[in-house]
Structure formats: structure tokens, C-alpha cells
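Everything quoted here is computed from the prediction, not taken from an experiment. By convention here, the first residue in the shown sequence is residue 1. Numbering of ligands and ligand atoms starts at 1, following listing order.
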Amino acid sequence: MNQVAQPQFRHTPVLVDEVCALLLTDRSGIYVDGTFGLGGHSKAISSRLNADATLIGIDQDESALTQFDPSLVQQTLHLRCTNFENLDQVLNDLKLTQVHGILLDLGLNSFSLDDPERGFAFSLSGPLDMRFDRSNELTAETVVNEYSQEQLAEIIYRYGEERNSRRIARRIVEMRTTKRLTQSNELRDAVARSVDPRFRNKSLARVFQAFRIEVNREIAVLETVLNKAVDVLAPGGRLAVISYHSLEDRMVKTHFRDLSQDVPRQPGMLDSEIKIPVLKRITGKPVIASSEEVALNPRARSAKLRVAERTSHAAN
Ligand SMILES: C[S@@+](CC[C@H](N)C(=O)[O-])C[C@H]1O[C@@H](n2cnc3c(N)ncnc32)[C@H](O)[C@@H]1O
């Protein structure tokens with residue numbers, strides 16, 4: 001990561017002022033940007049911190065991290081190319097036990113979406129890849145060609161929340177009997193031929209999202225990082241999560257709600273029924289982008305920001 005390429009990509013960060021206002025509690029603190037991307041949020045966070053603060057940027061996509069010019073931040077900056085599910089490992093390696101804030105701006109960056117070679121966009125033709133981390137083995141091509149019809153239907157239904165999941169899975173299996181599907185436009189055809197043309201684009205977005213989630217184990221890694229984040233936050237430290245689809249937002253909402261519950265001991269209660277709140281919700285309803293921001297950056301339309309603060313109680 002020593003070589004800094006000339007930035008070729010662009011990504012406009014969402015809800016920047018809101019993130020900074022809700023995340024930063026100690027101007028000399030240690031902050032983790034778990035989805036560093038092109039560093040848009042980190043730059044904004046850095047501009048509001050003292051010079052003795054520390055920033056840690058994590059992204060599993062090396063093509064993102066190598067775009068960033070570290071001289072843009074005046075604080076100590078550690079960049080790590082890894083999955084954010086390894087948050088604890090990253091902090092261990094840096095000999096840090098606690099941090100003051102963690103940001104997760106989930107999903108993918110605009111330059112990966114716009115790159116046909118990555119296979120994320122249904123509107124572009126390219127290989128069926130969809131990996132955030134291109135050193136991983138599992139690609140969308142493997143999922144599309146090697147999973148059973150039932151598994152495909154389950155993924156499309158569960159991760160895409162798409163009603164026509166069975167019909168789409170059947171079509172994929174029919175198509176792949178004559179030829180292995182290797183291109184994103186072949187997956188697009190399978191979907192387009194299975195759904196009402198009036199809702200085609202919505203279905204395409206849902207199906208591509210579903211395969212992306214499967215390929216990158218997005219649900220499992222989010223669950224892991226949410227748990228690890230609570231363990232490494234200092235009391236009063238905050239976790240801010242921006243999600244872009246309902247599946248992720250529901251997970252964050254449920255996690256924050258469950259960990260902020262206070263169920264004191266009552267006579268006859270089992271230990272497992274007692275709950276000590278280790279989080280305090282800072283946002284009730286999620287923070288969403290203003291109409292002005294959405295007009296300037298359409299990606300912001302689906303963004304939902306939730307923030308919670310670590311209490312001083314010890315976890316069970
Ligand atoms: C929406 S972009 C973040 C953009 C960033 N906030 C900015 O301002 O440039 C999400 C980034 O998170 C990365 N990412 C997604 N899931 C990840 C994971 N599990 N571990 C590490 N990085 C991940 C993606 O590679 C992508 O660069």
C-alpha cells in the first residue's frame with residue numbers, strides 16, 4: 001500500500017455531516033472506518049479531529065485503498081486491506097484494545113458498480129464475478145452455475161426479497177443446461193424472461209443484490225462485525241452504520257434494539273433472561289438524506305444511518 005496511484009475513481013460519500021456529528025465524541029480519539037472505500041468519510045472525519053487522533057481505514061477491496069493519498073489526513077492513519085469481520089485482529093495487530101468510534105458505510109463503492117469487469121451492475125455487460133475481494137474463490141458464476149435450483153430460489157427470495165424467486169431460479173437452471181452462464185447479461189436475460197416487464201428493473205436490482213450478498217457472505221460478516229464492534233468500543237464510544245437495503249437495516253436495527261434492552265433480574269428468572277444494556281440508541285428512527293443531497297447524489301436515496309453508543313456496563 002506504499003504506492004499511491006493518481007486517483008482515477010470517484011465516490012461521493014453520503015450523510016457526511018450527519019455521520020461526523022453523531023460519531024465523533026472525542027476529538028483526540030481513535031476511529032475506525034471499516035468501509036474506507038475512497039476515504040470520503042475518513043477525510044471528513046479527519047478534518048474534524050485533532051492532530052493527535054488516530055484513524056484506521058479497513059477495506060477488503062485493494063483497488064479502493066490504493067487510490068487514497070495519506071497526506072490528505074494530518075492524523076496517524078493505518079490502512080488495512082481485509083474484511084471488516086477481522087476488526088478485532090486489526091486492532092490486536094496495532095496493539096489497541098478500545099476505540100472511540102466505528103463507521104460502517106455498507107455496500108459497494110460507485111467505481112466498482114460502474115466497472116463492467118466486476119459484474120455488479122445489471123445494466124453493464126461483464127463477467128459474472130461480484131466479489132468485493134478478488135482473492136476470494138466464490139464468484140457469482142459459480143453460484144449461478146453450480147447451486148441447485150432450490151438454493152438459487154432461496155437466495156433470490158431471502159437476500160433479494162424477490163417474489164418471483166422460483167420462476168427465476170427455474171429459468172437460470174434451464175438456460176445453464178445448454179451453456180454455462182458466464183456473463184452478467186445472461187443473468188439479466190434469465191431474470192428479464194421470468195418477470196413482468198413493468199417490474200423488470202426492480203427484479204433485476206433485487207436478483208443482482210441477492211447474488212452479491214451470497215458471494216460476499218454479507219449477512220454473516222455484518223453479524224460478526226456488529227458483535228465485535230460492541231466489544232471494542234470504549235464506554236461512550238459510538239458505532240454508526242449506513243445501510244442501503246432493508247435486509248441490512250433490519251439487522252442493524254434489531255442488533256441495536258436487542259443490546260440496548262434492560263431486563264433486570266426478577267424472582268424466578270433464568271440468567272439467560274436477564275439483559276444489561278451494553279448499547280444506548282442515539283438515533284431512534286434512522287437518519288436519511290435530505291432532498292438536496294439526494295438530488296446531488298442519487299445513491300443517497302436509500303441510505304439509512306443508525307448510531308448507537310457503548311454504555312459502561314460490562315457485556316454478559
Ligand atoms: C459504500 S463504499 C464506502 C465508501 C466510503 N465511505 C467513501 O466515502 O469513500 C463501501 C466500501 O466498503 C467495502 N466493503 C464492503 N464490505 C466490506 C467488508 N465486509 N469488509 C471490508 N470492506 C468492505 C467495499 O469494498 C467498498 O469500498
Side-chain angles (χ1 to χ4, degrees), residues 1 7-20 22-23 31-48 55-70 72-73 77-91 101-115 117-121 129-136 138 159 209 212-229 240-245 247-249 251-252 289 293 296-305:
M1 227 132 313
Q8 337 162 6
F9 305 130
R10 283 182 60 80
H11 176 93
T12 310
V14 307
L15 295 167
V16 172
D17 290 337
E18 294 83 348
V19 164
C20 291
L22 292 166
L23 181 68
Y31 291 88
V32 178
D33 182 347
T35 49
F36 190 81
L38 295 186
H41 281 106
S42 280
K43 248 193 301 177
I45 288 170
S46 154
S47 70
R48 288 153 169 98
L55 269 172
I56 300 153
I58 298 174
D59 203 297
Q60 60 181 344
D61 184 347
E62 196 169 14
S63 61
L65 293 176
T66 48
Q67 293 291 306
F68 192 74
D69 176 357
L72 292 174
V73 306
L77 172 69
H78 304 282
L79 291 181
R80 294 292 181 268
C81 184
T82 186
N83 195 301
F84 56 50
E85 69 177 337
N86 302 319
L87 172 67
D88 49 345
Q89 189 61 50
V90 170
L91 297 181
I102 301 170
L103 169 65
L104 299 173
D105 175 21
L106 300 171
L108 71 164
N109 45 58
S110 312
F111 68 84
S112 300
L113 183 65
D114 295 342
D115 180 354
E117 289 306 306
R118 307 293 298 270
F120 290 118
D129 189 321
M130 298 201 196
R131 288 170 301 174
F132 285 147
D133 176 352
R134 280 179 278 186
S135 65
N136 283 341
L138 186 66
Y159 296 158
Q209 170 186 297
R212 197 197 78 200
I213 290 175
E214 173 66 14
V215 167
N216 297 292
R217 301 183 298 113
E218 287 178 50
I219 300 301
V221 297
L222 180 57
E223 183 78 44
T224 303
V225 76
L226 289 176
N227 285 316
K228 289 187 175 176
V241 187
I242 305 173
S243 50
Y244 295 87
H245 58 77
L247 214 58
E248 279 171 350
D249 183 55
M251 277 179 73
V252 177
E293 179 172 358
L296 291 171
N297 181 13
R299 266 188 76 254
R301 189 182 311 117
S302 49
K304 287 189 174 155
L305 167 66

Chemist: Between ligand 1 and Y244, can you find any atom pair, the residue atom being a heavy atom, that is separated by under 4.0 Å?
Modeler: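 In this structure, Y244 fails to qualify as a contact of ligand 1 - no heavy atom is under 4.0 Å.
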Chemist: Going by heavy atoms, is L106 under 4.0 Å from ligand 1?
Modeler: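 A heavy atom of L106 does come that close to ligand 1.
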Chemist: For salt bridge (charged side-chain N to carboxylate O under 4.0 Å, His left out), just list the numbers for D133 and R131, CA-CA rounded to whole Å, side-chain angles, deciding distance to a tenth of an Å, and then say yes or no.
Modeler: CA-CA 5 Å; D133 176 352; R131 288 170 301 174; over 6 Å; no
Chemist: Specify side chain, backbone, both or neither for V221, according to which of its non-hydrogen atoms lie closer than 4.0 Å to ligand 1.
Modeler: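 For V221, the contact with ligand 1 is made by the side chain alone.
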Chemist: Looking only at protein heavy atoms, identify the closest one to atom 11 (C) of ligand 1 and say how far it is in Å.
Modeler: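 Here the nearest protein heavy atom works out to D59 OD2, 3.5 Å.
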Chemist: Tell me, yes or no, whether the heavy-atom count around R301 atom CZ, taken from other residues, nucleotides or ligands under 6.0 Å, exceeds 12.
Modeler: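 Incorrect, the count does not exceed 12.
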Chemist: Go through ligand 1 atom by atom and flag the ones less than 4.0 Å from a non-hydrogen atom of D61.
Modeler: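 By the 4.0 Å cutoff, the relevant atoms are 25 (O).
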Chemist: Just which atoms of ligand 1 are under 4.0 Å from any heavy atom in P13?
Modeler: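 Those atoms are 8 (O).
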Chemist: Looking only at non-hydrogen atoms, which of V19, T12, D105, V16 approaches atom 3 (C) of ligand 1 most closely?
Modeler: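 Comparing heavy atoms across V19, T12, D105, V16, the nearest one to atom 3 (C) of ligand 1 lies in D105.
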Chemist: Give the minimum heavy-atom separation between A121 and L113, together with the two atoms involved.
Modeler: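 Heavy-atom minimum between the residues: CB-O, 3.5 Å.
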Chemist: Applying a 4.0 Å heavy-atom criterion (strictly less than), which segment of R299 is in contact with ligand 1: side chain, backbone, both, or neither?
Modeler: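 Contact part for R299 vs ligand 1: side chain (C-beta onward).
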Chemist: Please report the closest heavy-atom contact between N109 and G37, naming both atoms and the distance.
Modeler: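 Smallest interatomic distance, heavy atoms only, reads ND2-CA, 4.3 Å.
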Chemist: Pick one of side chain, backbone, both or neither for how F132 approaches ligand 1, counting any non-hydrogen atom pair under 4.0 Å.
Modeler: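 Just the side chain.
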Chemist: Has T82 got any heavy atom lying under 4.0 angstrom from an atom of ligand 1?
Modeler: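 Per 4.0 Å heavy-atom rule, T82 contacts ligand 1.
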Chemist: Using only atom types and a distance under 3.5 Å, with no angle test, would you say the side chain of K228 pairs donor to acceptor with the backbone of E85?
Modeler: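 At least one qualifying donor-acceptor pair exists.
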Chemist: Mind checking whether F120 and F132 have ring centres under 6.0 Å apart?
Modeler: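 Yes: the rings meet the under 6.0 Å criterion.
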Chemist: Could you grab the distance from atom CD of E218 to atom CD of E248, nearest 0.5 Å is fine?
Modeler: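 So the CD of E218 and the CD of E248 are separated by 6.0 Å.
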Chemist: When you check the side-chain N and O atoms of S42 and D33, is any donor under 3.5 Å from an acceptor?
Modeler: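 Checked: S42/D33 side chains pair up, N/O donor to acceptor below 3.5 Å.
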Chemist: Tell me whether H41 contacts the main-chain N or O of V14 through its side chain, where contact means a donor paired with an acceptor under 3.5 Å.
Modeler: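 Side chain of H41 to backbone of V14, a donor-acceptor pair under 3.5 Å: yes, one is there.
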Chemist: Under the 3.5 angstrom rule, does the side chain of D129 hit a backbone N or O of E117 as a donor-acceptor pair?
Modeler: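 No, the answer is negative, given that no donor and acceptor are paired below the 3.5 Å cut-off.
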Chemist: For N297 and T12, indicate whether the former's side chain and the latter's backbone hold a donor-acceptor pair under 3.5 Å.
Modeler: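 Indeed, once roles are kept as given, a pair shorter than 3.5 Å links the two residues.
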Chemist: Quick one: look up the protein heavy atom nearest atom 17 (C) of ligand 1 and list residue, atom name and how far away it is.
Modeler: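 Protein heavy atom at minimum distance: Q60 NE2, 3.3 Å.
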Chemist: Of the protein's non-hydrogen atoms, which lies at the shortest distance from atom 27 (O) of ligand 1, and what is that distance?
Modeler: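 Ranking protein heavy atoms by distance from atom 27 (O) of ligand 1, first comes N109 ND2, 2.5 Å.
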Chemist: Show which atoms of ligand 1 fall inside a sub-4.0 Å distance from at least one heavy-atom site of G40.
Modeler: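 Answer for ligand 1: 7 (C), 8 (O), 9 (O).
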Chemist: Could you report the tightest heavy-atom contact between G34 and L104, atom names first, then the distance?
Modeler: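 Looks like CA-CD2, 4.0 Å.
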Chemist: For atom 20 (N) of ligand 1, find the nearest protein heavy atom and state the residue, atom name and distance (0.1 Å precision).
Modeler: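 Protein heavy atom at minimum distance: F84 N, 2.8 Å.
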Chemist: For atom 9 (O) of ligand 1, what's the nearest protein heavy atom and its distance?
Modeler: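 Heavy-atom neighbour on the protein nearest atom 9 (O) of ligand 1: L38 N, 3.0 Å.
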Chemist: Could you identify the single nearest non-hydrogen protein atom to atom 19 (N) of ligand 1 and state the distance to 0.1 Å?
Modeler: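 Scanning the protein heavy atoms, the shortest distance from atom 19 (N) of ligand 1 goes to N83 OD1, 3.0 Å.
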Chemist: Does ligand 1 have an atom that lies less than 4.0 angstrom from a heavy atom of Q67?
Modeler: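 Judged by the 4.0 Å heavy-atom criterion, Q67 does not count as contacting ligand 1.
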Chemist: Could you tell me whether L108 approaches ligand 1 through its side chain, its backbone, both or neither, with non-hydrogen atoms closer than 4.0 Å?
Modeler: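 Contact part for L108 vs ligand 1: backbone (N, CA, C, O).
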Chemist: Numbering the atoms of ligand 1 from 1, which are under 4.0 Å from a heavy atom of G107?
Modeler: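 In order of numbering, the contacting atoms are 10 (C), 11 (C), 12 (O), 15 (C), 24 (C), 26 (C).
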